[in-house]
Amino acid sequence: MTSMDRDALLQALLDGELPDAQGRFGPFGGRYVPETLMPAINRLTEAVETIFTTQAFQRALQSELTGWVGRPTALTRCDRLGLQWNAEVWLKREDLAHTGAHKINNAIGQALLAKAIGATRVVAETGAGQHGVATAAACARVGLPCTVYMGAVDVARQAPNVDRMHRLGAEVVSVTSGDRTLRAAIDEAIRDWVTDPKSTYYLIGSAIGPHPYPLLVRNLQAVIGQEARVQMLDRAELPDAVFACVGGGSNSIGLFHAFLGDEEVQLFGVEAGGTGSALGQNSATLAAGRPGVLHGANTMLLYDDDGQIQETHSVSAGLDYPGVGPEHALLQMIGRVKYVSASDTESLDALDELCAMEGILPALESAHALAGARRWAQRNPGTRILIGLSGRGDKDMPILAEVASRKENNDAAA
Ligand SMILES: *Cc1c(COP(=O)(O)O)cnc(C)c1O
């Protein structure tokens with residue numbers, strides 16, 4: 001691909017010409033769904049093009065974002081961490097949003113849309129449980145019953161979030177099929193949706209799935225970058241580099257979008273490097289994957305030579321997914337965003353460092369962005385760095401305790 005092709009694709013993205021009418025971001029995206037879902041997908045696409053853009057809907061959304069979610073979220077300058085890194089470090093604080101992560105921006109927007117198109121029930125999937133909690137809260141707020149599908153492995157490692165979902169009135173279904181994590185949960189949520197696509201609304205939690213979901217979720221999360229860009233310009237200048245962690249890719253696409261046209265700003269997505277580079281040891285979809293179709297879209301995926309989707313690994317449940325949003329696949333292809341990875345160990349270290357230096361306990365997912373930024377700062381001293389802090393780490397206390405006790409046992413054995 002020539003640099004002219006790359007520039008043309010970026011321009012089309014900036015001009016809102018991508019995704020096209022088929023939901024394609026260049027070669028990626030689209031809608032690979034069973035025929036039975038097409039009426040529901042068409043209805044949603046129409047709602048995204050009409051209802052979503054009305055002043056009335058946007059006003060209602062804005063009112064929920066300020067009055068209920070707590071937006072705008074803070075931009076925090078981190079002087080102690082900056083001294084340590086030899087950089088100027090800023091955090092966009094999605095951990096301060098209601099329910100503790102960026103997921104709520106998307107959940108409340110889609111819950112309002114579900115209500116507006118006359119759905120009587122919501123289904124959702126969840127990995128770390130953050131999207132389940134956000135959806136449960138948003139559904140309670142707009143008055144819709146909801147069922148959340150969650151892999152059995154995640155139910156075990158994110159117990160506090162399961163209790164929160166129940167408390168907020170959601171039914172939680174533990175999924176024991178497939179990889180028993182996020183991918184299997186999405187399969188089950190889609191299966192549920194197919195049985196009654198007319199009155200059930202599928203509230204997807206990341207910038208993935210068939211068109212129009214990647215577009216809808218990006219538009220709902222774009223508020224992160226829009227706020228951060230204004231806040232940066234207010235208090236400093238544009239950053240040299242922006243970092244965000246990438247699971248399905250919603251907090252990152254939300255943070256990056258406002259900066260796509262700023263040529264001088266380098267953008268970095270940080271994937272989960274897990275315990276190593278072999279298939280099955282990580283969730284580094286863009287760094288190590290190949291194109292293929294999963295959950296309704298053509299995108300980058302992790303699969304073996306027989307075409308079997310790989311079970312992924314990450315210490316953070318929210319990054320444990322073998323696919324990624326199609327817009328990221330395009331941004332990687334045209335070179336506008338670089339995708340790197342951070343290992344479990346690097347991310348755990350970065351989490352400890354932020355606790356000690358700034359008094360902020362980040363989510364394990366967000367710690368990957370910190371780890372990626374820290375490595376880059378070592379090679380690029382004296383730069384200004386903006387990091388998307390996608391969520392808070394309270395939900396990770398059980399896994400952090402487990403990691404600590406494993407380490408103690410190892411130390412005792414050595
Ligand atoms: C779910 C989650 C992620 C990963 O999802 P994206 O769609 O890639 O943003 C990252 N951070 C936190 C705190 C999460 O809850």
Side-chain angles (χ1 to χ4, degrees), residues 73 91-107 110 124-135 137 148 150-151 154 157-158 160-161 164-165 181-183 185-186 203-209 213-214 216-218 220-222 224-225 243-257 269-272 283-286 295 299-300 312 314-329 331 337 339 341-342 347 350-351 354 360-372 387-396 399:
T73 57
L91 301 180
K92 180 58 176 164
R93 303 286 307 280
E94 293 303 292
D95 60 314
L96 296 176
H98 181 43
T99 68
H102 68 289
K103 297 266 167 43
I104 199 74
N105 307 324
N106 170 51
Q110 287 199 58
E125 83 294 338
T126 197
Q130 286 301 110
H131 177 56
V133 168
T135 302
V148 179
M150 187 171 188
D154 293 334
R157 63 180 168 178
Q158 303 285 329
N161 271 343
R164 288 167 79 199
M165 283 183 262
T181 65
L182 183 57
R183 177 179 146 228
I186 297 175
L203 205 163
I204 205 163
S206 191
I208 59 168
Y213 282 112
L216 174 60
V217 175
R218 179 250 278 171
L220 287 167
Q221 295 292 4
I224 303 173
F243 286 82
C245 65
V246 181
S250 69
N251 86 85
S252 48
I253 204 74
L255 180 59
F256 294 162
H257 233 266
V270 186
E271 298 186 301
S283 312
T285 313
L286 287 157
H295 297 139
T299 186
M300 297 296 279
T312 52
S314 172
V315 68
S316 66
L319 301 183
D320 216 347
Y321 179 64
V324 69
E327 190 165 1
H328 285 289
L331 288 169
V337 180
Y339 295 87
S341 49
S347 305
L351 179 144
L354 192 67
I360 299 169
L361 169 58
L364 270 170
E365 290 83 4
S366 322
H368 285 71
L370 290 161
I387 303 164
L389 204 75
S390 54
R392 66 180 185 224
D394 307 48
K395 69 179 176 62
D396 294 314
I399 183 102

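Scope of the values below: all heavy atoms of this structure, side chains included, with no hydrogens, waters or symmetry mates. Note that ligands are numbered from 1 as they come in the structure, with each ligand's atoms numbered from 1 the same way.
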When you look at Y321 and H295, which way does the ring pair (Phe, Tyr, Trp, His ring centres under 6.0 Å) test go after all the steps?
CA-CA 11 Å; Y321 179 64; H295 297 139; 5.8 Å; yes
Verify, without hydrogens or angle tests, whether Q130 (side chain) and T99 (backbone) share a donor-acceptor contact under 3.5 angstrom.
yes
For N251 and ligand 1, does the shortest N/O to N/O distance drop below 3.5 Å?
yes
For C245, is the nearest heavy atom under 4.0 Å from an atom of ligand 1?
yes
What's the shortest heavy-atom distance between T135 and A124, and which atoms?
CG2-CB, 3.9 Å
For G391, the ligand 1 atoms whose distance to one of its heavy atoms is below 4.0 Å:
13 (C)
Which part of S250 is near ligand 1, with near meaning a heavy atom under 4.0 Å away: side chain, backbone, both or neither?
both
If only atom types and distance count, is the side chain of K92 paired as donor or acceptor with the main-chain N or O of T73 below 3.5 Å?
yes
Minimal heavy-atom distance between S250 and S206, with the atoms involved, is N-OG, 3.5 Å
Quick check: does A101 get an N/O under 3.5 Å from an N/O on ligand 1?
no
For A363, the atoms of ligand 1 under 4.0 Å from one of its heavy atoms are 13 (C)
What's the verdict on side-chain contact (heavy atoms from CB on, under 4.5 Å) for V246 and L319, showing C-alpha distance, side-chain angles and the deciding distance?
CA-CA 7 Å; V246 181; L319 301 183; 6.0 Å; no
Ignoring angles and geometry beyond distance, decide whether G249 reaches within less than 3.5 Å of ligand 1 through its nitrogen or oxygen atoms.
yes
Distance to 0.1 Å, residue and atom name: give those for the protein heavy atom nearest to atom 12 (C) of ligand 1.
S390 OG, 3.5 Å
Using a 3.5 Å distance criterion without hydrogens, assess whether the side chain of S366 forms a donor-acceptor pair with backbone atoms of G391.
yes
Pull out every atom of ligand 1 sitting under 4.0 Å from any heavy atom of G247, numbered as shown with elements.
8 (O)
Would you say ligand 1 has an N or O under 3.5 Å from any N or O of A128?
no
Taking atom types as modelled, is there a side-chain donor on D320 or T312 under 3.5 Å from an acceptor on the other?
yes
What protein heavy atom sits nearest atom 4 (C) of ligand 1, and how far off is it?
G318 O, 3.4 Å
Atoms of ligand 1 under 4.0 Å from any heavy atom of Q130, numbered from 1 in the order shown, are 15 (O)
Does S206 reach ligand 1 with a nitrogen or oxygen that is under 3.5 Å from one of the ligand's nitrogen or oxygen atoms?
yes
With no hydrogens and no angle check, is any side-chain donor or acceptor of H257 less than 3.5 Å from a backbone partner on A222?
no
Just to check, does H102 reach to within less than 4.0 Å of ligand 1 when the distance is taken from its heavy atoms?
yes
Heavy atom of K103, distance to ligand 1 below 4.0 Å
yes
Got a donor-acceptor contact below 3.5 angstrom from the S390 side chain to the H102 backbone?
no
